[in-house]
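Naming convention: chains lettered A, B, ... in sequence-line order (proteins, then strands); numbering from 1 in each chain. We use all heavy atoms of the structure for the numbers below, so side chains are in, but hydrogens, waters and symmetry mates are not.
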There are 2 protein chains.
Amino acid sequence: MSVKDGKTEQLIKETAKRIFLTEGKMLATTQDIADAAGVNRTLLHYYFRSRDVLFNMVFKEALTKLRTRVHEVLGSEMPFKQKVENLVNVFYEELTESPYLETFIALHLNQEPEKYEELFIALPGGRERMKNFLKEIQREMDKGTIAENKPVNFFINLFALMAYPFVARPIYLKMFDLTNAGYNKLLTERKSSILSTLFKN
Amino acid sequence: MSVKDGKTEQLIKETAKRIFLTEGKMLATTQDIADAAGVNRTLLHYYFRSRDVLFNMVFKEALTKLRTRVHEVLGSEMPFKQKVENLVNVFYEELTESPYLETFIALHLNQEPEKYEELFIALPGGRERMKNFLKEIQREMDKGTIAENKPVNFFINLFALMAYPFVARPIYLKMFDLTNAGYNKLLTERKSSILSTLFKN
DNA sequence: CCTTTGTTTAACAATTTTGTCAAACAATAC
DNA sequence: GTATTGTTTGACAAAATTGTTAAACAAAGG
């Protein structure tokens with residue numbers, strides 16, 4: 001093994017991840033990625049065979065990380081509100097790193113479903129965990145801590161409030177004439193705002 | 001003028017709109033569009049000069065339509081809650097037609113900002129209308145009909161709850177094993193759910 | 001030092017996609 | 001009928017992008 005010892009492969013993958021998921025340039029060419037990583041374009045093919053393989057690898061890793069963390073929280077033994085709080089934090093962390101992840105899923109998932117099918121195989125026990133969480137939501141409604149509704153609607157509301165502000169950053173930067181730093185501040189503040197919107201407390 | 005009388009141009013534009021904004025296939029080639037419209041690919045260039053021009057035209061028209069309708073509602077004389085109700089309806093209608101519009105904006109707006117700048121020139125009086133709406137939100141908070149918060153957060157919450165479920169349709173279709181029809185039903189039900197989430201009533 | 005293994009490079013081939021052009025065609029006006 | 005105008009087509013050119021290959025190179029082991 002050479003002196004670089006797997007560093008180049010890592011470098012390319014991380015650069016691709018940054019370009020695709022952080023900067024949202026999903027049309028970036030192999031040349032763009034190679035340039036950004038400061039390596040010869042052929043290396044990209046050497047390590048990953050094709051642009052497609054690299055793209056899917058990056059995509060899949062980010063998605064799996066997010067899903068795993070979400071399911072960890074969903075499956076944990078914790079009071080409901082604390083669970084939601086943790087979810088908000090997980091989303092905040094993951095979408096800060098990969099703000100375009102949700103956009104990518106939305107765009108690809110129903111374009112070539114068969115191709116991306118494998119990326120969405122259920123996590124072990126995932127279905128079960130989801131059902132339990134919906135039941136938990138129902139119990140909270142019964143207790144009166146959150147508004148009466150279909151549990152699935154609370155679920156979608158929660159994810160909408162968490163994810164959308166990351167997806168729509170460019171829109172609000174323009175609409176409210178904010179800087180990126182200003183928007184980041186807003187996103188942090190929103191964490192508690194989400195909870196107060198969803199919980200009657 | 002020929003017998004078809006502008007029909008072909010319309011046909012191409014509407015097909016492009018469907019493919020780009022309704023089906024979300026934003027990588028569709030000129031050939032894809034021509035095929036879907038059942039016309040020769042050259043016609044696309046004849047009428048629109050380039051793929052780019054067509055793409056931007058479709059994009060701009062849909063965006064302008066949505067923005068115009070939103071601002072009509074914002075600027076209307078109406079009780080606050082009714083205004084929000086109307087906004088929800090406008091979004092529902094427009095995003096049913098162009099569910100990928102928000103995704104497109106998010107993806108393009110900070111890729112080549114100078115290029116898309118012109119698509120986002122403020123509507124006449126837009127800034128003013130926006131400010132007034134934020135003030136209205138503040139008044140409602142003072143009255144206690146909605147939760148105390150930064151007005152901009154209420155604004156983002158509102159748009160998140162309206163837009164995200166359209167952006168994320170493919171995700172929830174999979175996650176909850178729904179059909180498109182089932183998801184449509186859910187979206188309709190959500191209209192009132194959004195209001196009850198945001199208003200203390 | 002020479003062989004082996006893995007890495008990097010430049011040159012090239014293949015493919016895909018966009019864009020152009022000149023000629024054919026159709027309807028109407030004269 | 002012929003000229004004019006706008007429409008449609010197929011063939012072609014140009015550009016951009018991906019993928020392949022063979023050779024140069026570097027490190028480490030024997």
Show me the donor-acceptor pairs, under 3.5 Å and distance only, between side chains in residues 39-49 of chain B and residues at least two apart or in other chains.
| unit_1 | atom_1 | unit_2 | atom_2 | d |
| --- | --- | --- | --- | --- |
| B/Asn40 | OD1 | B/Thr42 | N | 2.8 |
| B/Asn40 | OD1 | B/Thr42 | OG1 | 2.9 |

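- The nearest whole Å value for the distance from the NZ atom in B/Lys7 to the P atom in D/dT7 is 13 Å.
- Nucleotide C/dA11 holds its C1' atom 11 Å from the CG atom of A/Asn40, rounded to whole Å.
- Side-chain contact between A/Tyr92 and A/Thr188: present, with at least one pair of heavy atoms (C-beta onward) separated by less than 4.5 Å.
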List, with names and distances, any nitrogen or oxygen atoms from the protein found under 3.5 Å away from nitrogen or oxygen atoms belonging to nucleotides 16-20 of chain C.
| unit_1 | atom_1 | unit_2 | atom_2 | d |
| --- | --- | --- | --- | --- |
| C/dT18 | OP1 | B/Arg51 | NE | 3.1 |
| C/dT18 | OP2 | B/Thr30 | N | 3.0 |
| C/dT18 | OP2 | B/Thr30 | OG1 | 2.8 |
| C/dG19 | OP2 | B/His45 | NE2 | 3.3 |
| C/dG19 | OP2 | B/Arg51 | N | 2.9 |
| C/dG19 | N7 | B/Arg41 | NH1 | 3.0 |
| C/dG19 | N7 | B/Arg41 | NH2 | 3.4 |
| C/dG19 | O6 | B/Arg41 | NH2 | 2.6 |

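- Whole-Å rounding puts the A/Leu43 CG to D/dT20 P distance at 15 Å.
- The interatomic distance linking B/Ile12 (CD1) with D/dT8 (C1') rounds to 11 Å, in whole Å.
- Between A/Lys174 and B/Leu109, the closest side-chain pair of non-hydrogen atoms falls below 4.5 Å.
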Run the side-chain donor-acceptor check on residues 145-159 of chain B: report pairs under 3.5 Å with partners two or more places apart or on a different chain.
| unit_1 | atom_1 | unit_2 | atom_2 | d |
| --- | --- | --- | --- | --- |
| B/Thr145 | OG1 | B/Glu140 | O | 3.3 |
| B/Thr145 | OG1 | B/Glu140 | OE1 | 2.6 |
| B/Asn149 | OD1 | B/Asn153 | ND2 | 3.4 |
| B/Asn149 | ND2 | A/Ser193 | OG | 2.8 |
| B/Lys150 | NZ | A/Glu189 | OE1 | 3.1 |
| B/Lys150 | NZ | A/Glu189 | OE2 | 3.4 |
| B/Asn153 | OD1 | A/Arg190 | NH1 | 3.1 |
| B/Asn157 | OD1 | A/Arg190 | NH1 | 2.8 |
| B/Asn157 | OD1 | A/Arg190 | NH2 | 2.7 |
| B/Asn157 | ND2 | A/Thr197 | OG1 | 3.2 |
| B/Asn157 | ND2 | B/Asn153 | O | 3.3 |

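- The environment of NZ in B/Lys25 is sparse: at most 12 heavy-atom neighbours from other residues, nucleotides or ligands sit within 6.0 Å.
- The aromatic rings of A/Phe104 and A/His108 stand perpendicular to each other, their planes meeting at an angle above 60°, with 30° marking the opposite boundary.
- B/Tyr47 comes within 4.0 angstrom of the backbone, heavy atoms only, and of no base.
- One can place CZ of A/Phe55 at 16 Å from P of D/dT17, the figure rounded to the nearest angstrom.
- Within the structure, every side-chain polar atom (N or O) of B/Tyr46 is placed at least 4.0 Å from both OP1 and OP2 of C/dC21.
- For the pair A/Thr8 and C/dT8, the criterion of a side-chain N or O lying under 4.0 Å from OP1 or OP2 is met.
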